[in-house]
Amino acid sequence: MKLSANKTYILPTKFGFALGFVAFLVFIIAITFGHPFSYFITFFIVAIIIVCAFYTNNSISRLKSFSFKDEYVELGVDSSILFEISSKEVGEYKNIETKVGKRGATKVSSVGEKNLKLRAMVNPSRCGVFSLWRVKISSTYPLGLFYAWKYIMPNKEAIVYPKRVRDKSSSCESEYVASEEESLDLNPESNDEFLDHRRFRDNDYWKHIDWKAYARGRGLLTKNFSGTSLKVKTIKMSSSDNLEKLGIVVNDVLDAFESNRDSILICDNEVVSRGRNLGHLNKCLRVLSQFGGRVE
């Protein structure tokens, strides 16, 4: 979703103030002694200042459209949120700084025609589902004489889930038998059922690529197949679990996703979600973030 931001602020940097002071002194000398070279230096410096002010302001003011998405962020860990700018607005390559909040870390990204992505660093202190934080973007392009900035208020959500607790597990292996209705799309080579899609990897077998999806403009997607009798990672949790126990559940969910294994998240004996794709992961993390916010 695209978001517009229009108001831009600009101030001279310390170097800009120093150069302006030098221009003032040279101008006083030119008036006092009438030396033509002093007049030339004065107007040359002033021209540089004016041109730099224009380019610095333009490097930020022309950035008006930003594409954000919902972000999943781990509690208490330095993470980055990613957003894109319009290729029609970026122009030549330049360094853009991003910052979230007054105490957030500054992240510098080089953007241009081939790189339209900006990153902002965050380190949330609470679990839950929140509106994405206000992002400040700034630049001193091209010579560092001026500092221009603007603020962006994303209208997407930040899902902050409990900190991942490794080396512990709350899961177990169980057998899942697919129903007849689920066994509709089979792998012709092994008679396995089609589960879902995932992004193509370099070592994937080319026959498992969904070429129909590619023709529709969805990119290279690989079909996930499994037999009608499946080994499923069953992850159990309770609505009364503390943050440490929720962190163990987070680790199990992420471990299953990273290893491309089918998993089921069960909360208070009710199934929250089953699968191995990104939609399953997002649903699990959203639920865990909400429970984490309640127990803090």
Side-chain angles (χ1 to χ4, degrees), residues 1 67-83 117 119 122-124 126-132 154 156-174 176 178 182 193-201 203-204 208 210 213 218-226 230-239 241 243-295:
M1 184 171 183
S67 297
F68 285 86
K69 59 182 178 63
D70 291 342
E71 295 285 347
Y72 291 82
V73 184
E74 186 174 354
L75 177 68
V77 176
D78 288 330
S79 307
S80 61
I81 58 175
L82 183 68
F83 58 101
K117 296 180 179 180
R119 294 182 182 273
V122 295
N123 190 333
R126 291 183 57 199
C127 285
V129 180
F130 312 99
S131 296
L132 269 179
K156 291 292 185 178
E157 291 180 331
I159 295 87
V160 184
Y161 57 87
K163 188 174 182 179
R164 188 173 183 177
V165 178
R166 300 177 185 271
D167 302 325
K168 293 183 180 181
S169 179
S170 63
S171 65
C172 63
E173 294 286 349
S174 62
Y176 172 79
E182 292 175 304
E193 64 161 336
F194 167 70
L195 287 179
D196 52 26
H197 289 103
R198 61 173 171 79
R199 291 194 177 278
F200 174 75
R201 298 170 185 165
N203 59 348
D204 285 343
H208 291 168
D210 192 335
R218 295 175 60 191
L220 285 176
L221 298 175
T222 300
K223 290 183 178 181
N224 278 329
F225 294 96
S226 63
L230 308 173
K231 285 289 187 181
V232 177
K233 186 173 187 178
T234 302
I235 307 167
K236 295 183 179 181
M237 61 174 286
S238 170
S239 57
D241 285 347
L243 276 180
E244 182 180 3
K245 290 183 178 179
L246 292 176
I248 296 173
V249 175
V250 167
N251 182 65
D252 288 331
V253 170
L254 292 175
D255 181 65
F257 176 76
E258 291 166 357
S259 58
N260 196 30
R261 295 177 60 193
D262 208 51
S263 65
I264 299 177
L265 178 61
I266 299 176
C267 178
D268 295 335
N269 296 320
E270 293 187 8
V271 175
V272 175
S273 180
R274 173 193 173 269
R276 68 175 72 180
N277 58 15
L278 189 59
H280 167 67
L281 176 68
N282 291 348
K283 189 173 182 179
C284 292
L285 293 181
R286 182 178 286 269
V287 169
L288 288 163
S289 68
Q290 292 170 342
F291 281 118
R294 294 176 189 174
V295 301

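Every value quoted in this text rests on a predicted model; they were computed, and no experiment measured them. Note: hydrogens, waters and symmetry copies are ignored here, and every other heavy atom, side chains too, is used. The first residue in the sequence is number 1, and the count goes up from there.
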Salt bridge (Lys or Arg N to Asp or Glu O under 4.0 Å) between R274 and D262, intermediate numbers included: CA-CA 7 Å; R274 173 193 173 269; D262 208 51; 2.8 Å; yes
side-chain contact (heavy atoms from CB on, under 4.5 Å) between S239 and F291, intermediate numbers included: CA-CA 7 Å; S239 57; F291 281 118; 3.4 Å; yes
Step-by-step side-chain contact (heavy atoms from CB on, under 4.5 Å) determination, K233 to I264: CA-CA 6 Å; K233 186 173 187 178; I264 299 177; over 6 Å; no
Working for side-chain contact (heavy atoms from CB on, under 4.5 Å), residues T234 and I266: CA-CA 7 Å; T234 302; I266 299 176; 3.7 Å; yes
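Shown here is N269, whose CG atom has no more than 12 heavy atoms of other residues, nucleotides or ligands within 6.0 Å.
Within the model, atoms CG of L246 and CD1 of I248 stand 9.0 Å from one another, a figure rounded to the nearest 0.5 Å. With rounding to the nearest 0.5 Å, the separation of NZ in K245 from OG in S238 is 8.0 Å. Note that CG of L281 is 9.0 Å distant from CG of N277, once rounded to the nearest 0.5 Å. In this structure, R276 CZ and S259 OG are separated by 9.0 Å, a value rounded to the nearest 0.5 Å. Atom CG in D70 sits 4.5 Å away from atom CD1 in I159 (nearest 0.5 Å). The distance from the CZ atom of R119 to the CZ atom of F83 is 11.0 Å, given to the nearest 0.5 Å.
Between the side chain of S289 and the backbone N or O of V287 there is no donor-acceptor pair closer than 3.5 Å. Under the 3.5 Å distance criterion, the side-chain polar atoms of E74 are matched with a main-chain donor or acceptor of R164. Judged by distance alone, with hydrogens and angles left aside, the side-chain atoms of E71 form a donor-acceptor pair with the main-chain N or O of L82 at under 3.5 Å. Side chain of K236 to main chain of L265: no donor-acceptor pair is present (N/O by atom type, distance under 3.5 Å, no hydrogens or angles). Distance alone, capped at 3.5 Å, places no donor-acceptor pair between the N282 side chain and the G279 backbone.
Summarising the geometry of L132 relative to A158, their closest heavy-atom pair is CD2-CB, 3.7 Å, with the distance given to 0.1 Å. Nearest heavy atoms, Y161 versus Y72: CE2-C, 3.9 Å. Closest heavy-atom contact between C284 and V253: CB-CG1, 3.9 Å. The minimum heavy-atom distance between P162 and G247, with the atom names listed, is CB-N, 4.1 Å. Minimum interatomic distance between C127 and G292 (heavy atoms only, all atoms of both residues): CB-C, 3.5 Å. Residues S273 and H280 approach most closely at OG-ND1, 2.7 Å, considering heavy atoms.
One finds no salt bridge joining R166 and D255 here, because no Lys/Arg side-chain nitrogen approaches an Asp/Glu carboxylate oxygen to under 4.0 Å. A salt bridge links R286 to E157: one of the charged nitrogens lies within less than 4.0 Å of a carboxylate oxygen.
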